[in-house]
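Report on the following structure.
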Amino acid sequence: MKIKNICCIGAGYVGGPTMAVIADKCPNIQINVVDINEQRINDWNNYDLKKLPIYEPGLDEIIKRCRGKNLHFSTDVEFNISIADLIFISVNTPTKTQGHGAGQASDLKWVDASARKISQHATGETIVVEKSTLPVKTAETIKNILKVSNKKNKINSLDPKKFYVLSNPEFLAEGTAINDLINPDRVLIGGDEPNAISALCGIYKNWVEESKIITTNLWSSELSKLIANAFLAQRISSINSVTALCEATGANISEVAMAVGSDSRIGNNFLKPGPGFGGSCFKKDILNLVYICKHYGLNEVADYWKGVVNINNWQKKRISQIINEKLFGTIAGKKIGILGFAFKANTNDTRESAAITICKELLIEGAKLSIFDERVSYEQIKSDLKDKEDSILKNTWTFTKDIYEITKNADAIIVLTESEKFKSLDWEVISENMRSPSWLFDTRGIVDIKKAMKNNINVWSVGSGDLIKKNIY
Ligand code: NAD
Ligand code: UGA
């Protein structure tokens, strides 16, 4: 099976960067990324590369090289399906908000709609690849939907279409997506059709070492993606649970993480403490895993993984309570500067960002927030801070692109994202700007706290139990 034309349904954080890298590495393949969101497609086609819908380091250069040559962005889903040899389904799979399984199960309506479109409009032999993160066994549903078009074609005595369904989950992380795609730890392909598997392997072999391309059965591949995310999130909840213990005992989380992570069996990745993991996937994927476990009657397994999400929620709540306590039990009317709103550095994505929960809690207590983020827009923050009782949150926060503006007359500053910029702030200027007693809350443990303290700023840094007694107040 020779792949000359690829269609990717979904021009989001995965579809866009992934197809850009495939286009860059496979100049002989034409790639059409399609989406029903017209604005998003217009943004991908924007002449000004600073206005692409997604910020990822290095992405703009690839778009510049490939767009209009072998990489195209379009809203014409049907036509681009009809000419494709291989179709990636890369649509969103968020947690269901209503109906059966609400709050835990994945909402598969966009995957279902994509499969139906493929079944109607594909022609000849087509490889259908699950790129979205999906509950184990979804490939069965996709195969069933695709079978329907074959039945109809047979009745109308047209040439039957032939579909091969593969699973090829994506492991990129935002902020490092291009590097992750170019140098993946592994590429995972699940399926039971050797020719289709070898055609998909052939694409990756253009730049990925063969030893890094793992093939498994469909269900192992689908499940491995959920489990990989669950393991990563579990490490963060583990280290965050220990931050509270460090604060209670006088231990220091960076020392503990270093000592523990130096054991090569444990390793030192994903041991950075923080305000709780965010991002569109960890929480939804674990909740989905919990739902699947319950479906199979594995309640103890479900409870085990649910604990990872519980600790994450607890960490966010714990931090907003500490801020309130340190500021003499009331933050009503006090100005608090927020450094970073995205869920991590080097992205404009705010989905499930701990900043949303923490800022909302502070606003509900009556604080006035001044928010800085180098990549997130005012409109995005406005939409994230909107509440059912909008009135409580209205007009009590401002947004600025001037980092020092947020410190003027502020009672406290909270570092919520691990941006490089926050590591080298001018604490002398900040101290003069702030109202006394002034507080710095470093939820990432990245700030030069010695300099801040030297300038008479009280510091709380996550998991730094050794700091607590050194403050003035
Ligand atoms: P996203 O919301 O950024 O993009 C999904 C896009 O699909 C949207 O633009 C939406 O309009 C489009 N879409 C939905 N239904 C469609 C349809 N029927 N036809 C055409 N377009 C349609 O989502 P994302 O972050 O790219 O995530 C996509 C999938 O990849 C999810 O399953 C996610 O769990 C998984 N994933 C995400 C990441 C990440 O870093 N964001 C990493 C690995 C895996
Ligand atoms: C994560 C996984 O790392 C990817 O492999 C996966 O493909 C992706 O989810 C997905 O399926 O969506 P992402 O959410 O983009 O990627 O970013 P991460 O680097 O994993 O960070 C997630 C959250 O955990 C962020 O809020 C980050 O600040 C936090 N984190 C990460 C910590 O608090 N400590 C750490 O040590 C690492």
Side-chain angles (χ1 to χ4, degrees), residues 12-14 90-111 132-136 138 169-175 177 222-241 243 270-295 301-320 340-345 347-361 376 380 383-387 416-418 443-444 462:
Y13 282 85
V14 169
S90 188
V91 298
N92 35 325
T93 51
T95 305
K96 271 183 93 171
T97 52
Q98 52 188 26
H100 190 66
Q104 284 190 339
S106 285
D107 194 338
L108 296 178
K109 70 176 173 226
W110 292 277
V111 175
S132 297
T133 303
L134 297 166
V136 55
T138 304
E170 185 46 62
F171 295 99
L172 68 81
E174 288 178 32
E222 288 178 333
L223 186 58
S224 299
K225 171 63 198 178
L226 290 182
I227 301 302
N229 272 1
F231 267 59
L232 290 168
Q234 178 205 47
R235 282 178 72 101
I236 302 170
S237 278
S238 298
I239 203 76
N240 282 345
S241 74
T243 59
F270 264 69
L271 285 181
K272 293 199 194 77
F277 56 76
S280 63
C281 295
F282 280 171
K283 184 171 148 200
K284 87 156 162 75
D285 291 346
I286 296 176
L287 291 176
N288 184 221
L289 182 61
V290 168
Y291 182 76
I292 295 168
C293 292
K294 281 190 190 156
H295 170 82
V301 186
D303 289 347
Y304 173 76
W305 289 110
K306 184 71 192 354
V308 172
V309 175
N310 292 346
I311 286 287
N312 202 50
N313 292 337
W314 170 79
Q315 180 79 337
K316 292 185 258 190
K317 190 132 203 105
R318 186 175 90 80
I319 287 176
S320 45
F341 199 82
F343 81 98
K344 64 184 282 196
T347 178
N348 59 346
D349 195 350
T350 61
R351 290 178 290 178
E352 294 294 335
S353 177
I356 302 174
T357 318
I358 292 173
C359 287
K360 276 188 176 176
E361 300 248 338
V376 181
Q380 185 58 51
S383 138
D384 288 333
L385 292 181
K386 211 159 54 192
D387 225 18
L416 288 173
T417 314
E418 73 281 29
T443 72
R444 297 280 184 172
V462 67

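When reading the values below, keep in mind they use all heavy atoms of this one structure, side chains included, and skip hydrogens, waters and symmetry mates. Please read these numbers as outputs of a predicted model, since none were measured by experiment.
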**Q.** S237 (side chain) donor-acceptor with Q234 (main chain) under 3.5 angstrom
**A.** no
Q.
I need the S224 OG to F231 CZ distance, nearest 0.5 Å.
A. 10.5 Å
**Q.** I358 backbone acceptor or donor facing S320 side chain under 3.5 Å
**A.** no
Q: Hey, could you give me the CD/SG distance between Q104 and C293, rounded to the nearest 0.5 Å?
A: 10.0 Å
Q. Within the distance-only criterion (no hydrogens, no angle test), does the side chain of K283 pair as donor or acceptor with the backbone N or O of G278 below 3.5 angstrom?
A. no
Q: Could you walk me through whether N92 and Y13 pass the side-chain hydrogen bond (donor to acceptor under 3.5 Å, both in side chains) test, one step at a time?
A: CA-CA 10 Å; N92 35 325; Y13 282 85; over 6 Å; no
Q) So, does E222 use its side chain to make a donor-acceptor pair with the main chain of L134 at under 3.5 Å? A) no
Q. Do S90 side-chain atoms and V14 backbone N/O form a donor-acceptor pair below 3.5 Å?
A. no
**Q.** N313/K317 under side-chain hydrogen bond (donor to acceptor under 3.5 Å, both in side chains): CA gap, chis, key distance, verdict
**A.** CA-CA 6 Å; N313 292 337; K317 190 132 203 105; over 6 Å; no
(Q) Treating D384 as the side-chain partner and I356 as the backbone partner, does any N or O pair qualify as donor plus acceptor under 3.5 Å? (A) no
Q: Give a yes or no answer on whether the side chain of N240 reaches the backbone of P275 with a donor-acceptor pair at less than 3.5 Å.
A: no
Q.
Donor-acceptor check, side chain of K344 to backbone of E174, threshold 3.5 angstrom: yes or no?
A. yes
Q: Measure the shortest side-chain to side-chain distance between I286 and N229 over non-hydrogen atoms and say whether it is less than 4.5 angstrom.
A: no
